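The structure displayed is predicted, hence computed values, not measured ones.
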Protein chains: 2
Amino acid sequence: MVTEAEASLPRERSPRHVSVKDVAAAAGVSVGTVSNVLNRPDKVLPSTLEHVLGVIDELGFVRNDAARQLRAGTSRSVGMVVLDVRNPFFTDVAQGVEARLGEQGRPLILANSGQDEARESTYLDLFEEQRVSGLLITPVGQVLPRLRRIRDRGTAVVIVDRRVGSREFSSVSVDDKLGGRLAAQHLVDVGRRRIAFVGGPRGLNQVKDRLAAAEMVASASRGVALRFVETATMDADAGRRAAEDLLKLDGRERPDAIFAANDLIALGVLQALTLARVRVPDDIAIVGYDDIDFAASAAIPITSVRQPREGMGQVAADLLLDVIADPARRVRHVVLEPELVVRRSTAG
Amino acid sequence: MVTEAEASLPRERSPRHVSVKDVAAAAGVSVGTVSNVLNRPDKVLPSTLEHVLGVIDELGFVRNDAARQLRAGTSRSVGMVVLDVRNPFFTDVAQGVEARLGEQGRPLILANSGQDEARESTYLDLFEEQRVSGLLITPVGQVLPRLRRIRDRGTAVVIVDRRVGSREFSSVSVDDKLGGRLAAQHLVDVGRRRIAFVGGPRGLNQVKDRLAAAEMVASASRGVALRFVETATMDADAGRRAAEDLLKLDGRERPDAIFAANDLIALGVLQALTLARVRVPDDIAIVGYDDIDFAASAAIPITSVRQPREGMGQVAADLLLDVIADPARRVRHVVLEPELVVRRSTAG
DNA sequence: ATTGGGCGTTGAAAGGTTTCAACTACGGAT
DNA sequence: ATCCGTAGTTGAAACCTTTCAACGCCCAAT
């Protein structure tokens, strides 16, 4: 019975893939010619071309990229490791990269380290095994030696949104010191005296630089105190929690301004403050960083330090393409300038 | 002179990659053994294992994934084509997928169709050529025949956030009719009579279903009129423009409620209304769709239809893994339920 | 002393594409 | 009539990994 039932099922023919060899056989030409049809159509007699294309279509032939890469030694793809795909900042940067690479017919493979060293490392493995032709990375952990080895094996590497290993790798970044200064100075200018910087982890250069610049501004302004509230991550949730902690401080300790290391944190902070009926900006002003689209449409539109996100992506792609084209090329660092966008969260 | 200069340059040794063969030679074993070290370490004498691993490390050997895939016939990766990476809804779904796939050590390759048929098609080509083991897609164009062929060649396919080709492909979706009904009924319940549905393009099933359900609610409620404002895309910009158009209508024509097909549109609408000093919800109420995190933190927190985003991603991954494991598996459709989250944009 | 079985290792084959030197045919030049 | 050059095509080699039948060796059992 069982046998009968099975027998009555339509026999699935094994879905083996059609290869150039099959196409060649069916078309009555050599594999070399099929390959020429695919890669150098001008070298093929028009009639042959047409015929082979017909067979390809009929048989449903699809190039096997693995074999192609194996032969070529490297893939055309570019790998990109970002800190957090859910942060629009990074998807905007990626968008810029993708746009530029797309012009060259190079696919972008996006991977999300989630600020986790282990995942970062896993994805680097993956990209190496895939022999991507280039690698864009915003490093989390101590990956410099690793990147060096990758580069030595012939893969182009460009650092995005950071400037580490300056002697060895080209990079695009935005001047975080300037950004930090702009934000802090603005808060001081609108009369704030007790500023809390919320962000982290401390190890991140971005955090470090923005904080350092803010500290300089604070110490240069009489009567201004700055405290650092470290967070483990840079998302809205971290912002909410940090704000709740700050609200536990009473009167004289409580800050009158919060400088968030990015807009997601700022949004979280804003939510927590609103929930606690703290008035923004009257009681506490907020400055964010990145100027993601959502900052402008927040409950209280958030003052933010705008970074040229897509532009950064494009520059990153350009630098990488240069290195791919000529690995010996001199290391370059492009530093873009951020810009303060004042909105209601600090107005007043 | 030129020659001298060149000669004096440090001779770049070509960065050829180290292969198993090289490792084998250096370790004094056969390639088979090296492969065993990598894939079946338990079959190898501990002393050999250690020695070979040492050589691997020393030589900086990195597996060539292309060769590996070529042999295996298929890659472990899963490809996913989303409509818009910049929409947090999709990155949240992708996050869910990635989490589940990650448990199985399968990388997820994300591609962005941007609601463009040509790009969708390009990425399908890419994924096919890469022989991904599975494909998750939220289709834009008429890709059904295409997907059928891909499936017939042995690639698992699962439809995400849609339910097309029900007989042939498993799918996860959220009940858009229900969502549309919830939103529209809510607007009617709070006393709105002239509802504008903003979204598009019309061809999208999601749009179609949500709209159809809203129309049913409208026609079942006396004195309620519904108009459809079609947009080309589903982003904030489209929302802004649609709202500007709606504001050109005078008094009696002007809607007192807007049902946006997603939250990005809703945010755009909100911005345009705010700019035009239209009071929300007093003059015009807004309902969004998706309940992305940013809906809650908008200037006026937006009432929205919540979709289980990560959950959907996980279900999608599960369905896909099932099909990969057993291609003959019966087609299944998981339909999740949305839920209305009421906030200030409709309160009153 | 011989056989059988296990363990660890070997080496060749397979997988699909691209490249390139070599070949064929043919028209034009000598 | 012969040679040359060109355009089009061929087929083998190379890319690197994995698999698997076969092999050698040693110990245990007969």
Using whole Å, what does the distance between atom C1' of nucleotide dA21(D) and atom CG of Asn36(B) come to?
14 Å

May I have the distance from Phe61(B) (atom CZ) to dT18(D) (atom C1'), rounded to whole angstrom?
11 Å

Does a side-chain N or O from Asn64(B) land closer than 4.0 Å to OP1 or OP2 of dT17(D), or not?
no

Whole angstroms only, please: what is the CZ-P distance between Arg76(A) and dT18(C)?
13 Å

Does OP1 or OP2 of dC16(D) have a side-chain N or O of Ser19(B) closer than 4.0 Å?
no

Could you work out which one of dT10(D), dT19(D), dT10(C) sits closest to the side chain of Arg40(B)?
dT19(D)

In whole angstrom, give the distance that lies between atom NE2 of His17(A) and atom P of dG16(C).
10 Å

Heavy-atom nearest nucleotide on DNA chain C taken for Val44(B) and for Arg131(B); more 5' hit belongs to Val44(B)

What is the distance from CG of Asn39(A) to C1' of dG16(C), rounded to the nearest Å?
13 Å

Are the charged groups of Arg119(B) and Glu98(A) less than 4.0 angstrom apart, N to O?
yes

At under 4.0 Å, does any side-chain N or O of Ser35(A) touch on OP1 or OP2 of dT17(C)?
no

Check whether Glu120(B) reaches the backbone of Val140(B) with its side chain - one donor and one acceptor, N or O, closer than 3.5 Å.
yes

Grab the CG-C1' distance between Leu38(A) and dT17(C) for me, whole Å please.
9 Å

Contact nearer the 5' end of DNA chain C, comparing Val62(A) with Gly28(B)
Gly28(B)

Terminal axes of the helix from dA1(C)-dT30(D) to dT30(C)-dA1(D) (five pairs each): angle between them, nearest 10 degrees
60°

Electrostatic pair Arg131(A):Asp65(B) at N-O distance under 4.0 angstrom:
no

Between Glu129(B) and Arg68(A), is the closest basic N to carboxylate O distance under 4.0 Å?
no

Can you spot which of Arg330(B), Arg332(B), Arg163(B), Arg148(B) makes a salt bridge (charged side-chain N to carboxylate O under 4.0 Å, His left out) with Glu168(B)?
Arg148(B)

Going through the distances and angles, do Val97(A) and Val160(A) end up as a side-chain contact (heavy atoms from CB on, under 4.5 Å)?
CA-CA 11 Å; Val97(A) 172; Val160(A) 178; over 6 Å; no

Val18(B) vs Val62(B) side-chain heavy atoms within contact, under 4.5 Å
no

For the CD atom on Glu103(A), are there more than 12 heavy atoms of other groups (residues, nucleotides or ligands in this structure) within a distance under 6.0 Å?
yes

Can you tell whether the side chains of Arg63(B) and Asp125(A) come within less than 4.0 Å, N to carboxylate O?
no

Nearest whole angstrom, please: distance from the C1' of dG6(C) to the CG of Leu45(B).
13 Å

Kindly check if the number of other-residue, nucleotide or ligand heavy atoms within 6.0 Å of CD (Gln104(B)) is above 12?
yes

Give the rounded distance in Å between these two atoms: NZ of Lys21(A) and C1' of dG15(C).
9 Å

Residue mapping more 5' on DNA chain D - nearest nucleotide basis, Val31(B) or Gly32(A)
Gly32(A)

Check DNA chain D against residues 66-74 of chain A and give the residues with a non-hydrogen atom under 4.0 Å, in numerical order.
Leu70(A), Arg71(A)

With a non-hydrogen cut-off below 4.0 angstrom, is Asp65(A) in contact with a base, only sugar-phosphate, or nothing?
nothing

Are Arg86(A) and Glu310(B) within salt-bridge range, i.e. N to O under 4.0 Å?
yes

What are the residues of residues 51-59 of chain A, sorted by number, that bring a heavy atom to within less than 4.0 Å of DNA chain D?
none

Pairwise side-chain contact, Pro139(A) with Arg162(A), heavy-atom cut-off 4.5 Å (strictly under):
yes

Describe the nucleic acid contact of Val29(A) in one word from base, sugar-phosphate, nothing, applying a heavy-atom distance below 4.0 Å.
sugar-phosphate

